[in-house]
Amino acid sequence: VNVTGKDTSVRLLALDGNDTVGGTKYLLRCGERAVMLDFGTNYAKQSIYYEELLKPRTAAGIFDLVAMGILPDARGLYRDDVHLPDLELRGPEVGAIDAVLVTHAHLDHAGAVGLLRPDIPMVTSAMTAVTLKAMQDSGTSLLGTETIYWNPREPEDRRGGTVLRADRRSERISRDLVVTDGSWSSPFEEYWGYSVQKKGLKVGELGGDLQEFDCRAHPIDHSVKGAVGFVVETDRGSCVYPGDVRMHGLQSQKTVDFLEVVRSPRPYVLFMEGTNIAEVPEEVTGEEDVAVNVRQILSDIGGEFAIADFGPRNIERLEIFLRAAREHHRKLVVTPKDAFLLRAMSMVDPKVPVPGDDMAVFDSPKASEGGWEELVFTEFEGATVKASALGRSPGDYLLAFSFLDIKHLVDIRPRGGHYIYSASEAFSEEQTIDFRRLKDWLDRFRIKSHGFWYEGDKLSFSKGKEGLHASGHAPAADLVKIVRTLNPEIVVPLHTEHPEAFARFFGGDCKIVQPPCSEWIDL
Ligand SMILES: [Zn+2]
């Protein structure tokens with residue numbers, strides 16, 4: 001508190017994600033204001049105890065996640081309706097929170113937002129907001145992936161115990177949204193209120209002003225559209241949080257502009273991701289390299305059957321494949337889920353491609369289809385393609401499938417072909433097993449893989465200029481460049497398993513603060 005009696009303190013509560021890649025949940029309190037910097041799912045912690053078939057019990061609300069240390073134990077943070085009556089939280093009191101600032105639509109940054117107290121508005125770009133909503137609309141709603149809306153839960157007595165049950169007859173609720181990029185279109189507003197169920201969606205207030213939270217947002221380059229970095233103004237100077245960032249994408253100019261806008265006056269604090277800070281330097285694959293290599297493969301394979309596998313929501317990569325397909329007179333065939341997402345994103349940016357002349361939706365009827373699927377097949381009725389057509393004229397299409405879609409090969413029955421793998425390397429045991437299984441599928445249909453290969457049991461991925469995937473994260477050299485450009489007084493490393501590695505590069509130049517978990521500190 002200074003002489004005028006105004007509280008000028010800058011305090012930080014690192015609730016989660018101070019030594020993991022993802023799961024970032026940092027609460028920044030500047031005097032009277034407090035904002036949460038992302039509120040993602042901590043997959044690193046979750047995958048220690050859980051897997052696809054071994055899940056936290058939804059009937060227990062957040063109990064399992066807190067008990068297993070996957071969600072932070074903190075008071076005053078979560079929705080009331082996800083607490084079992086006997087869940088006793090003992091962690092730090094968070095106090096009033098003005099907003100949760102969401103940098104981008106990856107679930108390790110946004111996945112747990114839905115569990116926050118409902119009075120905390122979400123501040124994010126319109127593109128991130130519709131991306132998260134489209135994912136929720138077209139996915140299965142599980143606790144923690146209720147990013148945008150939820151059915152409130154009620155405690156219910158079951159044989160003397162208590163379970164939490166979502167009342168499906170009740171209206172769904174969404175929190176207030178403040179969009180960083182100013183106004184929104186009426187299609188956006190319409191989609192925001194769209195419900196996949198017959199029941200309505202009670203939409204929170206749309207609008208508000210970013211300045212109300214003393215913060216600004218600027219676009220930044222990452223592997224998902226709509227990524228923004230935030231600047232929070234305090235009496236000590238600006239606190240900069242770029243989220244995940246890179247300088248080797250097609251949108252790298254955004255990162256350059258971001259740095260230019262926020263570097264002066266000298267920032268007080270920089271919250272810096274360090275995914276690759278401890279990596280041994282190697283030649284980086286840029287998006288431009290990926291584009292060149294994809295075009296080359298399509299030109300080499302002539303009219304043979306081809307599958308393109310790129311990460312979910314990576315629409316920039318989809319656009320690279322779409323352009324390459326067009327050049328080779330192929331139609332890009334996307335899954336209904338991708339079509340639904342593209343449609344939602346095009347409400348914010350009409351330049352986002354949707355099914356039509358050069359893109360088709362893969363049509364393989366399911367026993368039960370959701371409202372979102374009906375919408376896709378109604379809206380893109382004239383632009384669908386069935387498995388049999390793909391099998392008959394493989395050279396006319398480029399199929400955008402990932403590993404989980406591979407089951408449809410039994411309908412397509414390709415006679416040879418190519419699998420262009422354009423996503424990240426396997427980094428867990430489970431993913432390594434999936435690659436083995438993918439290889440067996442490809443072998444059965446005599447499909448050649450590009451981007452990864454096996455020598456005996458050894459799995460390798462193409463790299464550098466030959467690579468078919470560009471990471472969403474800057475390599476160590478670029479991270480150093482970013483920190484040096486911004487030259488903050490304090491660096492807080494996050495989104496890294498090696499926060500200590502920052503000292504190697506910046507010891508002395510700026511103070512490096514590694515916050516302890518779940519303890520308020522003064523910055
Ligand atoms: Zn990310």
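Positions are given from 1 along the sequence. Every number for a ligand or one of its atoms is a count from 1 in the order of the listing.
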(message) Regarding Asp108, does it place an N, O or S atom less than 2.8 Å from the Zn ion (ligand 1)?
(response) no
(message) Under the criterion side chain to side chain donor-acceptor pair (under 3.5 Å), I'd like the reasoning laid out for Ser125 against Thr128: C-alpha separation, chi angles, the key distance, then a yes or no.
(response) CA-CA 5 Å; Ser125 70; Thr128 297; 2.9 Å; yes
(request) Answer yes or no as to whether an N/O/S atom of His109 is found below 2.8 Å from the Zn ion (ligand 1). (result) no
(request) Check Phe435, Phe401, Phe403, Trp453 against Tyr421 for a ring-ring contact (aromatic ring centres under 6.0 Å, His included) and give me the one that passes. (result) Phe435
(request) Indicate yes or no for a side-chain donor-acceptor contact from Asp214 to the backbone of Glu233 under 3.5 Å, with no hydrogens or angles considered. (result) no
(message) As a test of reading the structure, name the N/O/S atom of His106 that is nearest the Zn ion (ligand 1).
(response) ND1
(message) Measuring only between side-chain heavy atoms, which start at C-beta, is Gln253 closer than 4.5 Å to Asp221?
(response) no
(request) Would you check if the Zn ion (ligand 1) lies under 2.8 Å from any N, O or S atom of His473? (result) no
(message) Is it the case that the side chain of Lys133 and the backbone of Tyr194 share a donor-acceptor pair, with hydrogens and angles ignored and the cut-off at 3.5 Å?
(response) yes
(message) Only N/O/S atoms count here: what is the atom of Asp244 closest to the Zn ion (ligand 1) called?
(response) OD2
